[in-house]
Amino acid sequence: MIIKKDPSIIQSYLEDSSNLAGGHALEVVIPKDFLEASSFLKEANDQKISVTISGGGTGTSGGRIPFGGAVLSTEKLNKIKTPASGGPKKNKISCEAGVLIKDLKEYAAKKGLFYTYDPTEQSAFIGGTIATNASGARSFKYGSTRESVNALTICLADGSIFKIQRGAIKAKDGKLKFEAGGKNYQIPVPTYKMSKTKNSAGYFAERGMDLIDLFICQEGTLACILEATLKFNPKPEDILSCFAFFETEEEAMHFAMEARDISKAKTRKNEKDIDALSIEYFDKYTLNLIRKKSRNVPDGSKGCVFFEQEISKEKEEAIINGWEGLLTKYGSSLNNTWVAMNDKDRQNLLDIRHSLGESMNEMTKANNFPKVTTDLAVPSDKLEDMMTYYKKVLDALGVQYFLFGHIGDSHIHMNLMPKNETEFTHSKNAAMDFIKKSVSLGGTVSAEHGIGKLRREYLKILYGDDGIKEMLEVKKILDPNLILGRGNIMSL
Ligand SMILES: Cc1cc2nc3c(=O)[nH]c(=O)nc-3n(C[C@H](O)[C@H](O)[C@H](O)COP(=O)(O)OP(=O)(O)OC[C@H]3O[C@@H](n4cnc5c(N)ncnc54)[C@H](O)[C@@H]3O)c2cc1C
């Protein structure tokens with residue numbers, strides 16, 4: 001076990017991508033295997049030392065930032081296990097929590113498998129993505145990280161190591177019952193109603209739920225994830241990736257909504273051969289950022305949609321025709337579209353997509369004020385209401401903003417870029433307004449980034465004090481000394 005006490009080394013574990021300041025820790029402990037992780041947690045639990053689990057540090061909610069105690073870094077738990085060569089296990093790979101998403105994807109691709117549950121940020125660890133139930137553009141077709149998790153090996157706060165197989169333990173009479181490390185647990189399933197959208201807000205709760213789902217999206221508050229067995233999809237023959245440009249934001253939005261509906265409605269899909277892998281939207285301001293990266297954005301465009309579809313040689317023409325018909329219906333055309341059908345061109349498009357985050361971070365630095373963002377998803381029939389509300393409030397606010405993201409999942413990231421204290425206050429008030437609006441429409445307060453330490457207030461709006469109490473009750477059973485992930489999801 002590696003233990004680091006040098007303040008300059010500890011410093012790099014006191015930040016993530018959230019700008020949350022003030023973190024501090026006594027030491028960073030880096031186990032090399034599961035037994036070391038277990039013995040460290042047992043000792044910390046006996047001595048009631050708080051432990052913050054660290055993944056890749058790409059989180060945007062301050063979840064891995066410690067406020068006292070020790071950091072348990074999973075960086076050396078980084079082995080990928082060879083998948084079974086046949087049978088029902090052939091599309092599954094087991095890997096330890098500290099494996100980089102990027103490495104897992106590359107490994108899988110060599111085995112003919114396709115990992116589609118990943119966040120845009122490829123230096124996240126698999127453990128971090130499970131702990132936050134991360135998702136990405138391709139979650140439109142295949143769902144969030146939760147959908148991929150078939151088994152987990154976890155270490156509870158008392159050091160007991162426990163393997164959970166999906167399907168093995170389900171809640172009965174409102175309780176999840178299981179035995180781990182010689183103890184019998186009976187966990188009451190929280191009674192709050194979860195939004196049916198993509199969701200990374202608090203503990204999973206559902207009648208008859210699977211035990212494994214409790215440990216996905218728990219943000220390091222219930223257990224340390226040591227290893228996961230993940231489900232992969234077969235690697236497609238090819239992927240069509242496109243940036244399409246529209247004269248108005250409304251046309252871009254309605255194009256995206258119809259593409260979503262066709263893709264989700266199986267019978268209509270067959271008619272048009274449209275079955276999107278991802279559908280992303282960019283408003284006119286975000287499109288201006290894309291313009292700075294490429295001179296080929298058609299003049300006069302005010303809205304943009306990025307979409308992808310898995311294709312085969314056999315269906316390529318029909319699929320392209322399907323998309324062309326839809327583009328034309330909304331005043332665009334294939335001539336107005338950047339199309340990639342090979343790895344190099346696709347990477348260029350993805351690089352442009354990924355560079356938007358960096359551009360906004362640079363602007364934040366130049367403004368010298370934190371950007372104010374939301375991570376809201378609403379039910380698909382409420383997307384238009386939410387978009388209209390965003391535009392109405394943001395246009396009246398007068399603060400620079402960008403609206404873009406996973407429109408296929410009715411999940412748009414709102415980014416406000418204040419330049420002074422007054423703008424910052426107005427931006428925070430507007431964000432709170434959007435959060436309340438999302439909840440009133442049946443949406444969530446965090447679709448993919450998690451609650452961490454920065455969105456606890458939002459979680460209260462979603463589930464009320466009673467919902468938070470129910471989560472605390474779950475935590476107290478699994479972590480009675482409250483050592484794990486203090487300050488994440490609930491204030492302690
Ligand atoms: C440019 C950029 C783009 C992004 N795009 C997306 C996106 O498209 N979709 C998306 O979902 N997110 C996105 N994110 C956010 C981030 O990548 C995800 O939240 C990711 O899942 C965090 O993983 P990590 O390993 O970096 O976790 P960390 O930041 O290290 O930790 C996140 C949380 O998980 C807990 N944790 C970490 N490992 C474990 C473990 N082994 N066991 C238990 N708890 C653990 C931590 O305690 C913490 O609470 C983006 C971030 C950036 C900077």
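Numbering of ligands and ligand atoms starts at 1, following listing order. Since this is a predicted model, take the numbers as computed values, not measurements.
Residue G57 has at least one nitrogen or oxygen atom sitting less than 3.5 Å from a nitrogen or oxygen atom of ligand 1, judged on distance alone. Below 3.5 Å of separation, one finds an N or O of G56 facing an N or O of ligand 1. Residue T52 has no N or O atom closer than 3.5 Å to an N or O atom of ligand 1. Considering backbone and side-chain N/O atoms, P119 never comes within less than 3.5 Å of an N/O atom of ligand 1. Distances between N or O atoms of Q218 and those of ligand 1 include no value under 3.5 Å. By the 3.5 Å distance cut-off applied to N or O atoms, T120 is counted among the residues near ligand 1. Looking at N488 next to ligand 1, an N or O pair under 3.5 Å apart turns up. Taking any N or O of G59, backbone or side chain, at least one lies under 3.5 Å from an N or O belonging to ligand 1. Geometrically, ligand 1 and G55 share a nitrogen or oxygen pair separated by less than 3.5 Å. For the pair T60 and ligand 1, the shortest N or O to N or O distance does not fall below 3.5 Å.
Between the side chain of Q309 and the main chain of D275, a donor-acceptor pair closer than 3.5 Å is present.
Comment: K81 engages E227 in a salt bridge, judged by a side-chain N to carboxylate O separation of less than 4.0 angstrom.
The aromatic rings of Y463 and Y192 lie parallel to each other, their planes meeting at an angle below 30°, with 60° marking the opposite boundary. Below 30°, between 30° and 60°, or above 60°: for F369 and F424 the angle between ring planes is between 30° and 60°, a tilted geometry. Between W338 and F245, the angle of the ring planes goes over 60°, which puts this pair in the perpendicular group of the 30/60° scheme. Under the 30°/60° scheme for interplanar angles, the aromatic rings of F178 and F162 are found to lie parallel.
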Could you go step by step and tell me if I101 and Y115 meet the side-chain contact (heavy atoms from CB on, under 4.5 Å) rule? CA-CA 9 Å; I101 282 291; Y115 192 66; 4.1 Å; yes
From CA spacing to verdict: salt bridge (charged side-chain N to carboxylate O under 4.0 Å, His left out), E147, K231: CA-CA 8 Å; E147 325 293 323; K231 186 186 88 182; over 6 Å; no
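Under 3.5 Å, the side chains of E75 and S73 contain a donor-acceptor pair of N or O atoms.
Under the 4.0 angstrom criterion for non-hydrogen atoms, A223 is in contact with ligand 1.
Heavy atoms of T129 found under 4.0 angstrom from ligand 1 belong to the backbone as well as the side chain. The part of A97 lying near ligand 1 is the side chain, judged by heavy-atom distances below 4.0 Å.
Protein heavy atom in closest approach to atom 47 (O) of ligand 1: I53 O, 2.6 Å.
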